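In what follows, a structure is listed as structure tokens, so that the remarks can point back to it.
We number each residue from 1, following the sequence as shown. None of the values given here were measured: they were computed from a predicted structure.
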Amino acid sequence: MSERSALTELANFVGRSSLASEDLGVRRRALNGMTARLLPRPQRRSVGELLGAVLALSSRTRRAGHPPVSIELDVFAPGGKRALRMMIGR
């Protein structure tokens, strides 16, 4: 008996969606409301995270203004001969 009443109720169902409205403004508001819920919400960041991001960007900017660095490393063996010569950044 319950199956039949559910089917009868479904057959008599009349849609009451705002999207089926004749008024364009009502349809547009309903569609905007649906799409707004689908968009990802911005994450709330703590003050510490925001401050860390600002400090990282400022130090990166400061380093970019400096001239490039080159390193020369000479390592000698106990007998006086050169064991290793390494040049980085040339």
**Request:** For the pair Val75 and Met86, evaluate side-chain contact (heavy atoms from CB on, under 4.5 Å) and give the outcome as yes or no after the intermediate values.
**Result:** CA-CA 9 Å; Val75 179; Met86 184 185 299; over 6 Å; no
**Message:** For Asn32, run the side-chain contact (heavy atoms from CB on, under 4.5 Å) check against Met34, Arg29, Arg28 and tell me which one passes.
**Reply:**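 Output: one option passes, namely Arg28.
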**Item:** Residues that Asp74 engages under salt bridge (Lys or Arg N to Asp or Glu O under 4.0 Å), provided they are two or more places apart
**Value:**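 Checked Asp74 against salt bridge (Lys or Arg N to Asp or Glu O under 4.0 Å); matches are Arg82, Arg85.
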**Item:** Same apolar cluster: Leu73 and Val69, side chain cutoff 4.5 Å
**Value:**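 As far as the 4.5 Å side-chain criterion goes, Val69 and Leu73 are connected within one cluster.
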**Message:** Contact between Arg27 and Leu31 at the side-chain level, heavy atoms closer than 4.5 Å - yes or no?
**Reply:** no
**Request:** Measure the spacing between CG of Leu55 and CZ of Arg62 and express it to the nearest 0.5 Å.
**Result:** 9.0 Å
**Asked** Where is the tightest heavy-atom contact between Gly89 and Ser70, given as atom of each residue plus distance?
**Response**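 For Gly89 and Ser70, the tightest heavy-atom pair comes out as O-CB, 3.9 Å.
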